[in-house]
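The sequence lines fix the lettering, A, B, ..., with proteins before strands; numbering per chain opens at 1. When reading the values below, keep in mind they use all heavy atoms of this one structure, side chains included, and skip hydrogens, waters and symmetry mates. In this text the structure is predicted, and so the values were computed from the model without any measurement.
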Amino acid sequence: MTTETVAREAGRDFIRDIVQADLDSGQHKTIVTRFPPEPNGYLHIGHAKSIALNFGIAEEFSGRCHLRFDDTNPTREEQEYIDSIQADVRWLGFDWGNNLFFASDYFERLYEWAEGLILNGLAYVDDQSQDEIRASRGTLTEPGQNSPFRDRSVEENLDLFRRMKAGEFPNGARVLRAKIDMSAGNINLRDPVLYRILHAHHPRTGDTWSIYPSYDYAHGQSDAIEGITHSICTLEFEDHRPLYDWFLDKLPVPSHPHQYEFARLNLTYTLLSKRVLTRLVQDGHVSGWDDPRMPTIAGLKRRGVPPAAIREFVRRIGVAKANSVVDVGMLEFCIREELNRTAPRRMAVLRPLKVVIENYPERQSEEIEAINHPDDPAAGTRKIAFGRELFVEQDDFMENPPKKFFRLSPGSEVRLRYAYFIKCREAVKNAAGEVVELRCTYDPATRGGNAPDGRKVKATLHWLPAAQSKVAEIRVYNQLFASPSPDAGNFAADLNPQSLEVLKDARVEPSLAESNFDTAVQFERQGYFVRDPDSTADGLVFNRTIGLRDSFAKEVAKG
RNA sequence: UGGGGAAUGGUGUAACGGUAGCACAACAGACUCUGACUCUGUUUGUCUUGGUUCGAAUCCAGGUUCCCCAGCCA
């Protein structure tokens, strides 16, 4: 195998190309990446893209990936998020080994380096108010004005900065700023703030500090301390890169990492901004951060989405610099693909319709054998009770069926999966004219599902015995938003009123009540489901992860 | 002429001067004890105008459109 043939492989992207080139040129021997969340919220599927990128690169190139919490703003951060983020990354299937770090671990060193900047005349304490700083920063098209405090002496700056650290001043009284260029076209270079006074309790450093470094000042230096080689972030940080490099050039850092940017994930029918997700939870549009309709990792998990499906999804969508919106259908495909391969099959009747087999003896019962996975004989079989009274799906009966409806209707014959052919004789209605029961006959010769005379049926229905099935609540989830591109500014207007449908008296196979049954299952002809944590010993609850593809429904919809 | 980025089928992405490929979606068909899965086939694309070249998605020049930046958020 020559180097040339190795050069281009499927699944590559511009960042992996850079990494490969750096390895080839000897620029780096070991690749070190990092995933650097701020612990101020729950992770979502957009983070999964970044996680898979950073951990994936480390794994593919035999390097390592750090999990580093960018905990530089104690007013927004909580231990709850530090814990949930670690749980989510692990659940996704990634491992940082011993490489768990916190930017707050570096507060002391960052502070010393800041004094160094002051000593070299590269930073100053500014007494202006926040409004004054904003006003003198200029605009996108006009340069800013120098602060009247910009030329303080080194001694005065040092004294003031030390007193800031000592907690002598109230929040907002002063900031430490880098002395760069107030007329720079790049606004990030117009004397950015390095430290602000924040009398706040930090989840890790407690009340030790009353000043905290800004993202710009902390991030690159943290990368350098950890020996990160490729600091990968999203596009909006592109114009922070000159500042990232400025600090690394001016400070006595142990290494000089390089920052690379890629486009963040956008999905149709989905909003991923923290502001919107927070309001969805706070305003009660969803039940919490782990509501199965949420695009959070916790929500996806509760929904029943397997981590392998998420990994496959982010692998398929690739990594590039162009802003894009991925069709949520791509995610759904990956979920179905994984679940079809792995989920055992069971039968469940979501909206039961009673069926009485008139020619089946009263009080008789027999066991029918059903296979657990059509493509995996090793998954084995199970027994299902069959008797005179059964349930089938309401949708599987139509009194006046249209042309292409193959299921039950008066006079039609269908197969009950694994069991018998049955023929509908009569539909019994209630006073309101609704069909409440089907009177049918079965053909005893068709046991097992095939007719000795070779006659065929056009439909096979799932079913459950009336007596030996369990009642369950089934939560059928659909898109949270009705619009393919919901408006983040007025998201409430784009909410899908049918995002959740609760079916209180569905029926499932008794085996699903077993306490150890927590894996995803396919309810045949319906979709993929997973038991919800709300389940109790006598109150089963299932979430629908996703329905099966339904070409019949599509045809009906087309008319 | 504020600075920084990006434009390839409906969608995402590849092609690094040499046959525009893959996947999702859509459509048609085959198969089927899940109207699922699987299989087969079809449709659809290089933002634009010039230039360089035997040859341009790729290089050059101009234009157009879209995204990001004026937090003591990250």
Side-chain angles (χ1 to χ4, degrees), chain A residues 7-8 10-14 17 36-38 40 70 72-73 75-76 126 128-130 133-135 137-144 171-177 183-190 192-198 211-212 214-216 218-219 233-242 261 263 268 274 316-334 336-337 340-341 345 347 370-371 374-375 404-407 415-419 421 448-450 456-462 522-527 547-556:
Chain A
R8 205 140 305 285
R12 288 261 165 156
D13 54 70
F14 77 99
D17 287 347
E38 183 190 16
N40 69 342
D70 250 348
T72 57
N73 187 347
T75 64
R76 301 151 47 103
D126 195 339
Q128 292 184 105
S129 70
Q130 196 162 345
I133 288 178
R134 183 183 307 124
R137 185 155 25 229
T139 68
L140 293 179
T141 54
E142 299 162 297
N171 288 358
R174 290 176 230 268
V175 291
L176 183 72
R177 290 229 258 173
S183 64
N186 183 345
I187 290 174
N188 295 115
L189 264 17
R190 317 238 266 231
V193 170
L194 276 50
Y195 275 90
R196 71 278 213 196
I197 298 170
L198 245 31
I211 57 172
Y212 290 90
S214 62
Y215 162 85
D216 283 307
H219 198 90
C233 62
T234 44
L235 250 28
E236 66 269 26
F237 293 102
E238 274 180 317
D239 48 19
H240 289 239
R241 192 175 350 117
E261 310 87 8
T268 58
K274 188 157 295 171
R316 278 176 184 253
I317 60 174
V319 177
K321 293 196 77 151
N323 291 307
S324 60
V325 183
V326 178
D327 189 333
V328 76
M330 181 85 84
L331 208 212
E332 295 177 341
F333 170 83
C334 294
R336 289 193 184 104
E337 183 187 46
N340 177 52
R341 201 171 58 75
R345 312 287 127 125
M347 291 203 279
I371 61 178
D375 305 322
K404 289 202 195 131
F405 186 84
F406 304 142
R407 284 110 94 146
R415 170 168 40 230
L416 293 183
R417 186 148 197 175
Y418 302 123
F421 284 11
N450 288 298
K456 303 284 184 199
V457 288
K458 283 182 131 172
T460 299
L461 271 38
H462 60 279
Q522 182 193 97
F523 290 163
E524 296 211 54
R525 301 210 306 134
Q526 299 285 354
L548 254 27
R549 277 180 48 139
D550 190 348
S551 58
F552 175 66
K554 198 185 292 180
E555 195 152 322
V556 169

Sugar-phosphate, base or nothing in reach of A/Val325, heavy atoms under 4.0 Å: sugar-phosphate
Touch class at under 4.0 angstrom, heavy-atom based, for A/Phe421 against every strand present: nothing
Touch class at under 4.0 angstrom, heavy-atom based, for A/Gln128 against every strand present: base
Short side-chain N/O contact to B/A74 OP1/OP2 from A/Arg76, under 4.0 Å: no
Pair assignment for B/A23, Watson-Crick or G-U wobble, requiring both distances under 3.5 Å: B/U11
Sugar-phosphate only, base, or nothing, as touched by A/Arg316 at under 4.0 Å among non-hydrogen atoms: sugar-phosphate
B/C54 pairs with, by Watson-Crick or G-U criteria that keep both distances under 3.5 Å: B/G18
N-O pairing of A/Arg316 and A/Glu337 below 4.0 Å: yes
Rounded interatomic separation in angstrom, taking NE2 from A/His462 and P from B/G35: 10 Å
Sugar-phosphate only, base, or nothing, as touched by A/Glu38 at under 4.0 Å among non-hydrogen atoms: sugar-phosphate
Value in whole Å for how far the C1' atom of B/C69 lies from CG of A/Leu189: 12 Å
N or O in side chain of A/Thr75 less than 4.0 angstrom from B/C73 OP1/OP2: no
Sugar-phosphate, base or nothing in reach of A/Gln522, heavy atoms under 4.0 Å: base
Sugar-phosphate, base or nothing in reach of A/Tyr418, heavy atoms under 4.0 Å: base
Glycosidic conformation of B/G71, taking syn as within 90° of 0 and anti otherwise: syn
Minimum-distance nucleotide (side-chain atoms of A/Ala320 versus B/A74, B/A14, B/C24): B/A14
Phosphate-side-chain proximity, A/Ser551 and B/A36, N/O vs OP1/OP2 below 4.0 Å: yes
Under 3.5 Å on both distances, the Watson-Crick or G-U partner of B/U34: none
B/A74 base stacked by A/Tyr215 (centroids within less than 5.5 Å, tilt under 30°): no
Nucleotide forming a Watson-Crick or wobble pair with B/C73, both distances under 3.5 Å: none
Any A/Arg417 side-chain N or O less than 4.0 Å from OP1/OP2 of B/A36: no
Any donor-acceptor N/O pair under 3.5 Å between B/G4 base and A/Arg241 side chain: no
Under-3.5 Å donor-acceptor pair between A/Asp17 side chain and B/C16 base: yes
Sugar-phosphate, base or nothing in reach of A/Phe406, heavy atoms under 4.0 Å: base
For atom CE of A/Met330 and atom P of B/G12, their distance in whole Å: 9 Å
Interatomic distance, A/Arg134 atom CZ to A/Gln128 atom CD [nearest 0.5 angstrom]: 12.0 Å
Between C1' of B/U32 and NZ of A/Lys456, the distance in whole Å: 10 Å
Distance test, side-chain N/O of A/Arg177 to OP1/OP2 of B/C72, below 4.0 Å: no
side-chain N/O A/Asn340 vs B/C37 OP1/OP2, d < 4.0 Å: no
Distance below 4.0 Å between A/Arg196 side-chain N/O and B/A74 OP1 or OP2: yes
Polar pair under 3.5 Å, donor/acceptor by atom type, side chain A/Asn186, base B/G4: no
Base-pairing mate for B/A61 - Watson-Crick or G-U, with both contacts under 3.5 Å: B/U49
Touch class at under 4.0 angstrom, heavy-atom based, for A/Leu461 against every strand present: nothing
Atom pair distance, as rounded to whole Å: CD in A/Glu555 and P in B/A36: 11 Å
B/C66 pairs with, by Watson-Crick or G-U criteria that keep both distances under 3.5 Å: B/G5
Touch class at under 4.0 angstrom, heavy-atom based, for A/Arg341 against every strand present: nothing
Sugar-phosphate only, base, or nothing, as touched by A/Ile317 at under 4.0 Å among non-hydrogen atoms: sugar-phosphate
Side-chain heavy-atom pair A/Arg525, A/Arg417 within 4.5 angstrom cut-off: no
OP1 or OP2 of B/A74 under 4.0 Å from side-chain N/O of A/Thr72: yes
Sugar-phosphate, base or nothing in reach of A/Pro36, heavy atoms under 4.0 Å: nothing
Residue A/Asn323, side-chain atoms from C-beta onward, closest of B/A70, B/C67, B/U34: B/C67
Sugar-phosphate only, base, or nothing, as touched by A/Tyr212 at under 4.0 Å among non-hydrogen atoms: nothing
Sugar-phosphate only, base, or nothing, as touched by A/Lys404 at under 4.0 Å among non-hydrogen atoms: base
Residue A/Lys321, side-chain atoms from C-beta onward, closest of B/A7, B/G5, B/A74: B/G5
